[in-house]
Amino acid sequence: MAVSPDVRVRWVGDRALRITLAPAPSAEAASAAELIARGLRRRPMPGMVDALAAYGSVLVTLSPLAASTSGESARSDLSARARMALLTGDGSLAQGRRFQVPVRYGGDDGPDLEDVARLTGLTAGEVITRHAGRIYTVMAIGFRPGFPYLGDLHPSLRLPRLATPRTHVPVGSVAIAGGQTGIYSTASAGGWRILGRSSIRLFHPEAKDLEQSVAFRVGDEVVFVPAQMARS
Amino acid sequence: MSEPRSRFEVVSPGLFDLVVDTLPRRALHLGFSETGPLDLSAFLRAGRRAGDPAPDRSAGLEFLLRGPTLLLRGDPVRAAVAGGAIVPVLNGNPLAVERPFVVPSGGRLELLPGRQGLRGYLAVRGGFVVPSIWGSRSADLPSGLPELSGRPLRRGDILAVAQPQTETATAEQDVRMVELEPEFRSGCTELRVLPGPEWPLLPKSVRQHLLRPHYRVSTQANRVGVRFTGPPPPEADGKWKQVLAGLPSQGNAPGCVQLPPDGEPIVLLADRGPIGGYIRPLQMIAADQWRLAQIRPGQKVQFVPTTRRAAWLACQEALGSQPRQGGDRCGK
């Protein structure tokens, strides 16, 4: 990598470290974070449980069962590994693919569409046009298996999460929160505002290989197509 | 490895019995939860008491209040139960928790609720034989993985025991009941925290509010997280909600204390989603996440600041072989 982003490592409580890469959020920071996280999962530091990249930061969780994870040396060890990963990594993440995802907006499929229109001062039709009229990039996979965090949402659609998360969000729900949009890959609780629903299957629990159980990868592109306009 | 010569049959399931181990799937990046035992301290104690040579690699059972009734077929098995107050009953006779016992061939083991605590762990020497999916045998309910990897026990499930057993039913049985842990009895439980990522960004009045002894564990408490009820932070400082509402999502560490806009904190546990975007004012230390797993709804709780060094010591202490002693009272 030609220019190494600035690497900072901080404790999160007593059993996790967070690597932040500046300037964030940026595509450079996001791909550097992804590179570091992949390197750590391939060659875990002693006592590491997992490494997760999201939006230019890497959360590294540490096992309470490993003596090496109690003490400041874990932080400096991780810092050195992160810098080394950036120096030695080839920096080329796999080329993203593009997916078209049909969405049924509004009604029972999108219970928050009207609220979003009211809060943004737009019509429901304008909300749909602005949501569907962009090419999104998968910035992270998380929350549930295969759930893609997609950016960037049209600035006029930026709204806070619901004050109280719903206890049940149906699988396939397409929702927004802050500058992001996403697709619920399993039925779950959730605090995002639901605009519509898609039939795409993002998680295959029957897959033999863990990496193959999830449809999207970080770096893939997603375009939402309003269902009445979709041609099968 | 030789053919398992002992197996437990689930005669009747408990309220929520899960197979757990401490091995990671290392799949947070695909959206999987961490999973595994919520009270790691009790899980490992059960394994050690059962004489398991590698409790950190073996699969055991986690259950909530009332565990399953199990019938042993085959050779006797050395087992132990640890955690919140549970009453193991073998062939009608109550046994002690935190002590090894031997289940004889044909033995019927019931795991009945005690008066305090929430989660119990059953370990057997050698662990249970359960298929490992992607590196772990822990049930992953949020993902809905197949069979015992994705659901609680049901009637008729079979749990084989990994190692050939050489126990005899004449081994001494300690029938003394252990004292209830004082921390579960009454009063207010202190839960130690470190500052979370957004702590420095919150107004002082909100920070002070979070550290007051006015929270109770709500009934919205499960393996994903535990919600506390209490008065919302001062409205005068409601601006923080807007300022922090557009945070990019980040990885959630275990024990992360989220503060959704409605102002009631949620402590995230093993089945949390790996990424989240609510404000995280506090971070509960690992040792107290394990204690939280034993606190019943309605209990008064208080967040109490500590240091990272103290947190590491508390963790070592909790992973030692002694049952936990005592709890701190809040509101001093």
Keeping [X] on the side-chain end and [Y] on the backbone end, is there a donor-acceptor pair under 3.5 Å?
X: B:Trp134; Y: A:Lys208; answer: yes
X: B:Arg308; Y: A:Gly13; answer: yes
X: A:Arg18; Y: B:Gly251; answer: yes

Residue [X] versus chain A: region with a heavy atom under 4.5 Å:
X: B:Asn252; result: backbone
X: B:Thr307; result: neither
X: B:Leu23; result: neither
X: B:Pro146; result: side chain
X: B:Ile266; result: neither
X: B:Pro142; result: both

Identify which of [options] forms the greatest number of heavy-atom pairs closer than 4.5 Å to chain B.
options: A:Val60, A:Val49, A:Thr167; result: A:Val49
options: A:Thr61, A:Thr186, A:Val58, A:Asp209; result: A:Asp209
options: A:Gly191, A:Gly71, A:Ser188; result: A:Gly71
options: A:Met48, A:Glu72, A:Arg10, A:Gln180; result: A:Gln180
options: A:Asp50, A:Val214, A:Leu59; result: A:Asp50

Let me confirm one number: the [atom1]-[atom2] distance from [X] to [Y], rounded to the nearest 0.5 Å.
X: A:Thr164; Y: B:Gln220; atom1: OG1; atom2: CD; value: 8.5 Å
X: B:Leu30; Y: A:Leu202; atom1: CG; atom2: CG; value: 12.5 Å
X: B:Leu194; Y: A:Arg15; atom1: CG; atom2: CZ; value: 11.0 Å
X: A:Leu65; Y: B:Arg57; atom1: CG; atom2: CZ; value: 11.0 Å
X: A:Asp14; Y: B:Ile285; atom1: CG; atom2: CD1; value: 6.0 Å

If you count heavy-atom pairs under 4.5 Å with chain A, which of B:Gln283, B:Arg26, B:Arg25, B:Arg309 comes out on top? B:Arg26
Could you have a look at B:Gly273, B:Pro274, B:Ala311 and say which one has the most heavy-atom pairs with chain A under 4.5 angstrom? B:Pro274
Is it the side chain or the backbone of [X] that comes within 4.5 Å of chain B heavy atoms, both, or neither?
X: A:Met139; result: neither
X: A:Ile141; result: both
X: A:Tyr149; result: side chain
X: A:Ser213; result: side chain
X: A:Arg144; result: both
X: A:Ala16; result: side chain

Compare every heavy atom of B:Leu319 with every heavy atom of A:Pro64, then report the nearest pair and how far apart it is. O-CD1, 3.4 Å
Closest contact, heavy atoms only, A:Pro165 versus B:Tyr278: CG-OH, 3.6 Å
Whether over 12 other heavy atoms sit under 6.0 Å from A:Arg97 CZ: yes
Apply the test side chain to side chain contact (heavy atoms under 4.5 Å, CB included) to residues A:Phe147 and B:Ile275: give CA-CA distance (whole Å), side-chain angles for both, the deciding distance (0.1 Å), then the verdict. CA-CA 10 Å; A:Phe147 182 105; B:Ile275 291 182; over 6 Å; no
Residue pairs fulfilling salt bridge (Lys or Arg N to Asp or Glu O under 4.0 Å) with at least one residue in residues 274-289 of chain B, sequence neighbours excluded: B:Arg192-B:Asp288, B:Glu198-B:Arg280, B:Asp288-B:Arg291
